[in-house]
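What follows is a single structure, written as structure tokens, with notes after it.
Bear in mind that the values here come from a model prediction, so they are computed numbers and not experimental data. Chain letters run A, B, ... following the sequence lines, proteins first, then strands; residues in each count from 1.
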2 protein chains.
Amino acid sequence: MTASSTTPYIVSTNRNTSDRLHIGGQPAGGGTNPFATPAGCCKDCMSRDYCVGSQLSALSDSQPLPLLRHNHTLGYREHLFREGDAPEAIYVLKSGAVKLYLMSEDGGEQVVSFYMPGEVLGLDALGTDAHRSSAMVLERACFCVIPLASLDRVPGCHQVLYKLLSMELVRDHHTIELITKKDAEAKMANFLVDLSQRFRTRGYSGSRFNLSMKRTEIGSYLGLAVETVSRILTRFQDEGLLQVQRRQICIVNFARLEKLAGYGALHWQAQNTAKTGSVSLF
Amino acid sequence: MTASSTTPYIVSTNRNTSDRLHIGGQPAGGGTNPFATPAGCCKDCMSRDYCVGSQLSALSDSQPLPLLRHNHTLGYREHLFREGDAPEAIYVLKSGAVKLYLMSEDGGEQVVSFYMPGEVLGLDALGTDAHRSSAMVLERACFCVIPLASLDRVPGCHQVLYKLLSMELVRDHHTIELITKKDAEAKMANFLVDLSQRFRTRGYSGSRFNLSMKRTEIGSYLGLAVETVSRILTRFQDEGLLQVQRRQICIVNFARLEKLAGYGALHWQAQNTAKTGSVSLF
DNA sequence: CGATAGGTTGACCGACATCAACCGACGTGG
DNA sequence: CCACGTCGGTTGATGTCGGTCAACCTATCG
């Protein structure tokens, strides 16, 4: 290991060390904790431009969002909430990475989605009495916590929450489509393209990043066996699409990956591979 | 075919005839259109007890829900809304059946979910500027239409809407689990058990009903080929689990079907088949 | 009556799960 | 510091579930 021994593309990055508060790319700020929210208000927050949560407090720009507990941090494998917990707040992920998953009675877990900085967790319990899924930290994470009780006091918050909720629904629908209609290769390509784009949006490199989840979790999310995930990753590498070393990914040929993501599916989807335009299901 | 020729269990039912406003089971009322909402108010609506939409106007029980256009009806294959349409309202399905689906650029369609009377459509576009999915009528349907503009005037509606939205989210998560972790048999069993329970909730028979969707649509929803759906259905019949004739289903051994639905998955889920208690993922 | 759409059935085979062995990284304790 | 166990990841061999192709059946409708 120790990076860059075999592949010059990949720069060694410190993963899972305690001081690492960001995911992927370079830390965008130099300070101690660049992701600390200034005053319980998004106005001066550096994540503001891509943070979907910031739309909430954008409403109350004049005065800071009340009752916003900020800079709540959790370490690897800690839970933000678990199935059955009573909903108390919604959480804006500021840094790190989180997975949302279901637990079947037999112990098997089903990863439902991965969350990146700027995304909002806990919405799926909004009107209910209990969380129906668990959220576990994959990479030391820092949150803005907005207690449900305080939401009422944010005028106009509903529009924003509705939007976030429906965005999540739409995302899930795409996930369903991805899982049912595409073959393993397309699933992986899609997954990587999606990650890449989300990293880029956040100001990180879209071509060099590291995965915050293990193969098992990718497999669970995409409905593939670990071995398949591994194999496809190395196949992609052999074909010159990307470089991979454990969790570190370096996308070499994004266009081709994108093409694989869009078509290359279960045969009846194929046909017009001619189309070259950007596909981008997401 | 012509019903009951081979299987004594199944009673011939008139499908898709113009006067048939309900799905499955027997019509619960004798009149002309038993599903006509009385006065734009849920108070006297016969679907009230199971209608999740009724929670909305329950809030404003004293005076009827304002601006509620009711008894909007659509025929087979008509669209309630399409991908790209600007959201105008939310729709409570009063009778009939609807499918929600996505269209991939290559023309393939992905069924995302099926809706039954009492369920609410259009929530996934609430905070947004366009529908991201299409809703097509599978069986002549009748809706209560609640224009988005009028929602504000219903005090306390947000709690209800949040709840509906998160319920939908949770449902989708279960769908994802179903699709990724279970084998074809378990998927079908799950699908049927789910349908059965929803019918029962609505006062119809949970053991004898007919499907409002064709095999293709079931296949798309579950991520299976049509042929597989067909084969598994006949296998279930051969094993004495149910009787099937085209769209008509009569569940004979519900317990065993339920067991298949819960476990019987991809091997690593098996193990403790000993447990006999009710499984009910849904 | 023929045309068409939905559904069933059989034969075949390929993608992917499964099983098993192995490897490197990492943490712990002697 | 090394031995060792554990965990995550890779790779190969093998089996099989379910997708694909093709033919056929049945109901429905003009």
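Atom C1' of nucleotide D:dC17 and atom NZ of B:K187 are separated by 11 Å, given to the nearest angstrom. The distance between atom CG of B:L233 and atom P of C:dG6, rounded to the nearest whole Å, is 17 Å. Between A:M213 atom CE and D:dC7 atom P there is a gap of 21 Å when expressed in whole angstrom units. Taking atom CG of residue B:D183 and atom P of nucleotide C:dT18, one finds them 10 Å apart after rounding to whole Å. Whole-Å rounding puts the A:M188 CE to D:dT10 C1' distance at 14 Å. Atom P of nucleotide C:dA25 and atom CD of A:Q248 are separated by 12 Å, given to the nearest angstrom. In this structure, B:R215 atom CZ and C:dT9 atom P are separated by 10 Å, rounded to whole Å. Atom CD in A:E217 sits about 13 Å away from atom C1' in D:dC7, given to the nearest Å.
Proximity of A:T228 to the phosphate of C:dA17: a side-chain N or O atom is located under 4.0 Å from OP1 or OP2. Of the side-chain N and O atoms in A:R246, none sit less than 4.0 angstrom from OP1 or OP2 of C:dG24. Listed pair A:R231 / D:dG12 fails the phosphate criterion, with no side-chain N or O lying under 4.0 Å from OP1 or OP2. Checking the phosphate oxygens (OP1, OP2) of D:dG9, no side-chain nitrogen or oxygen of A:S230 falls inside 4.0 Å.
Using a 4.0 Å heavy-atom distance criterion, A:G219 is classed as making no nucleic acid contact.
Between D:dT11, C:dT8, D:dG9, one nucleotide has an atom nearer to the side chain of A:T234 than all others, and that is D:dT11.
Ion pair B:E139/B:R247 not flagged as a salt bridge, since none of the NZ, NE, NH1 or NH2 atoms sits closer than 4.0 Å to an Asp/Glu carboxylate oxygen. Between B:R235 and B:E185 there is a salt bridge, with a side-chain nitrogen of the basic residue lying less than 4.0 Å from a carboxylate oxygen of the acidic one.
Nearest approach of A:G206 to A:S196, heavy atoms of both residues: O-OG, 2.5 Å.
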Practice problem: Output, in order, the C-alpha distance, side-chain angles, deciding distance and verdict of ring-ring contact (aromatic ring centres under 6.0 Å, His included) for B:Y221 and B:F114. | Solution: CA-CA 9 Å; B:Y221 176 63; B:F114 298 107; 5.2 Å; yes
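Contact of A:E227 with C:dC16 (side chain to base): no donor-acceptor pair of N or O atoms is detected under 3.5 Å.
In this structure a side-chain-to-backbone donor-acceptor pair under 3.5 Å is missing from A:Q110 to B:K181.
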